[in-house]
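For reference, the structure is listed below as structure tokens.
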Amino acid sequence: MFYESTWDRFSNYYTQRCFGLTGAVDMLVFIFAVLIVFYSFASFSKRVNTLKRVIWVNVLRVVVHAAVMYGVWLLVGGLLFIATDIDLVINYVPKLFVLVAYVIFLNRGSVKARIISAATLFTINIVLIEVGGSLTGVLNAASASSIEEYIRAGITALTLVVAVFLRVWDIDRYKEIPLSTVIIVLIYSAIGFALAILRSEFMSYFNAFEGTENYEYSYYIQLYATIALAVIVLFNLACYFLIYYITRSYERNNILHRSIAQMENREAMERISEENYKQLRSIRHDMKNRYAIMQGMLDLGQYEELRKYFREMNKEAAEPLSQVNSGNISLDLALNLEISKAVAYGIETDTRVIVPETLPVPDLDMDKILTNLLDNAIEACQKIETGKKNIKIDIETVHDTYLVMEISNTVREDRLDTALSLETDKPDKKMHGLGSKIVDGIVAKYKGQINRSIEDGRFVVKAMLDMSSIRK
């Protein structure tokens, strides 16, 4: 008896989902909505033959993904249908399971973008289903309607429109998504989902008035529910649209800030180069005079005076214009610029750089990681009122595979406990707190590792980039 009852429930579920209009439409619409939002198509070649091949490969992948989701949905839903009588669990858990599994395992977008898009798609789909239920309730209040299933299926199909909307305004194109936007979307989605569930749970009490002389009780409640749920759909779409533009503005502001910082570094480098040029001209003019004096001493046979003059010149020898000369021009320029800044603030620098003349890491990325690390080190040293101000720079390649950088700086004693928090004292924390994120992003880009620690009263950053991961 138990077997027959279980098998009947199992077969009834599959019949409803595979052959029932609303059940089948719900499954297919949601599956293809997921594919529209999260499937990443391969880039097409301009050659016709290659284009045809790539198109067919992608069509095959879409079909396979859809078939797998369809099978998993039926399996999970059937098992739940056997285990429980709760409609909400049977209808929504398999859908959520398929969505989460696809987003985690078969989508390559950023985690934050996946969470935002998945939460929005799932919530709006559930609310649309309840909109269809309320609208059919409005039509059935006075008399039974024969088009109930078609209306519910049509409303559910609007999920595809929502999916296209999410695809066109794809938030995944922006890499710097604020965490606050994720939290906002999750809160609004939870509210929308909860209201949809409340409608599903309580509307059955008013359905008893359908087709009776008291049908108004059901009619107006269903009408109000339809309007309220439709507003929720529009609100969730507006929320996503607003967050899309907030994220776009956030990333553009960060890009602008980095561009301004690079321009400031470039201007500082130009000023240093100009000073170096002036110094060279002064040295050249001075050397011409000194050569004339030495030539006169030599002509007069004043050899002892000439030796004394040479000793005085050695004592007066100017400091080198560049403190780093590894042979890697781009790296040397970035380091000498930062070292010049440090010297201007009275900060000692100890440098050891052993690198080849060229590195596979692009100059722009090297400039970003070095300037951000050294700017932070300079900022920390500036806070030291009394005591030693020192920055140590150690850069080398290991086995021509790894680029290893270690930059350490002295820290004010009362800030040793908070140094690892990476917080800035500058008033504009949002704009000036991006250095560590930029460095972490570059390290992750080259499949490297980074570690920050306090050692012997110094703040130490050790970063390693895997140069073999770079595609030439």
Side-chain angles (χ1 to χ4, degrees), residues 17 21-34 36-38 73 77 86-100 102-103 114-140 148-169 171 181-207 218 220-244:
R17 281 294 172 183
L21 178 62
T22 55
V25 168
D26 182 31
M27 286 188 67
L28 294 175
V29 162
F30 189 77
I31 286 173
F32 282 101
V34 171
I36 290 172
V37 176
F38 296 104
W73 188 329
I86 303 174
D87 289 338
L88 293 178
V89 175
I90 297 170
N91 292 328
Y92 296 151
V93 171
K95 181 180 297 186
L96 182 61
F97 181 87
V98 167
L99 174 63
V100 171
Y102 190 88
V103 167
R114 281 182 278 175
I115 293 174
I116 291 173
S117 299
T120 302
L121 179 64
F122 181 75
T123 301
I124 293 181
N125 173 255
I126 300 305
V127 176
L128 283 175
I129 292 174
E130 298 302 328
V131 169
S134 293
L135 187 57
T136 55
V138 171
L139 298 177
N140 285 335
E148 175 184 348
E149 278 197 306
Y150 298 101
I151 291 176
R152 298 194 67 168
I155 297 296
T156 303
L158 291 177
T159 304
L160 294 175
V161 178
V162 175
V164 173
F165 174 89
L166 297 179
R167 183 75 183 198
V168 173
W169 285 279
I171 201 170
T181 60
V182 179
I183 297 173
I184 291 172
V185 168
L186 290 176
I187 292 174
Y188 288 160
S189 297
I191 293 173
F193 181 75
L195 292 175
I197 297 304
L198 286 174
R199 181 267 162 200
S200 178
E201 286 296 307
F202 289 102
M203 203 55 61
S204 59
Y205 295 105
F206 297 96
N207 292 340
S218 177
Y220 287 110
I221 294 297
Q222 299 278 18
L223 180 61
Y224 296 151
T226 302
I227 296 173
L229 292 171
V231 170
I232 291 172
V233 172
L234 296 176
F235 178 80
N236 275 269
L237 287 175
C239 175
Y240 178 89
F241 196 68
L242 179 62
I243 285 175
Y244 173 87

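Along the sequence shown, the residues carry numbers beginning at 1. Computation of the quantities below employed the complete heavy-atom set of this structure, encompassing side-chain atoms and omitting hydrogens, waters and symmetry-equivalent molecules. Computed from a predicted structure; not experimentally measured.
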- Decide yes or no on ring-ring contact (aromatic ring centres under 6.0 Å, His included) for Y240 and W169, but give the supporting numbers first. CA-CA 9 Å; Y240 178 89; W169 285 279; 8.8 Å; no
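- With 3.5 Å as the limit, one finds no donor-acceptor pair spanning the side chains of T123 and N236.
- The environment of CZ in F97 is sparse: at most 12 heavy-atom neighbours from other residues, nucleotides or ligands sit within 6.0 Å.
- The shortest side-chain heavy-atom distance between V185 and I115 does not fall under the 4.5 Å cut-off.
- Summarising the geometry, atom CD1 belonging to I126 is positioned 13.0 Å from atom CD1 belonging to I232; distances are rounded to the nearest 0.5 Å.
- Side-chain atoms of I155 and I129, non-hydrogen and from C-beta on, never get closer than 4.5 Å to each other.
- Between N125 and K95, the closest side-chain pair of non-hydrogen atoms falls below 4.5 Å.
- Here the CZ-CG distance, from F30 to L96, works out to 8.0 Å after rounding to the nearest 0.5 Å.
- Two residues are said to be in side-chain contact when any heavy atoms from C-beta on lie closer than 4.5 Å; V98 and V34 fail this criterion.
- Between I124 and T159 there is no side-chain heavy-atom pair separated by less than 4.5 Å.
- Between D26 and R152 there is no salt bridge, since no side-chain nitrogen of the basic residue lies less than 4.0 Å from a carboxylate oxygen of the acidic one.
- Under the 4.5 Å side-chain criterion, counting only non-hydrogen atoms from C-beta, F38 is in contact with L99.
- Residues V231 and L234 fail the side-chain proximity criterion, which asks for heavy atoms closer than 4.5 Å.
- For Y188, the OH atom is loosely surrounded, since the number of other residues' heavy atoms within 6.0 Å does not exceed 12.
- I243 CD1 to I171 CD1: the interatomic distance, rounded to the nearest 0.5 Å, is 6.5 Å.
- Under the side chain to side chain donor-acceptor pair (under 3.5 Å) criterion, Y92 pairs with E130, not counting sequence neighbours.
- Annotation: I86, atom CD1; neighbour count of heavy atoms from other residues, nucleotides and ligands within 6.0 Å does not exceed 12.
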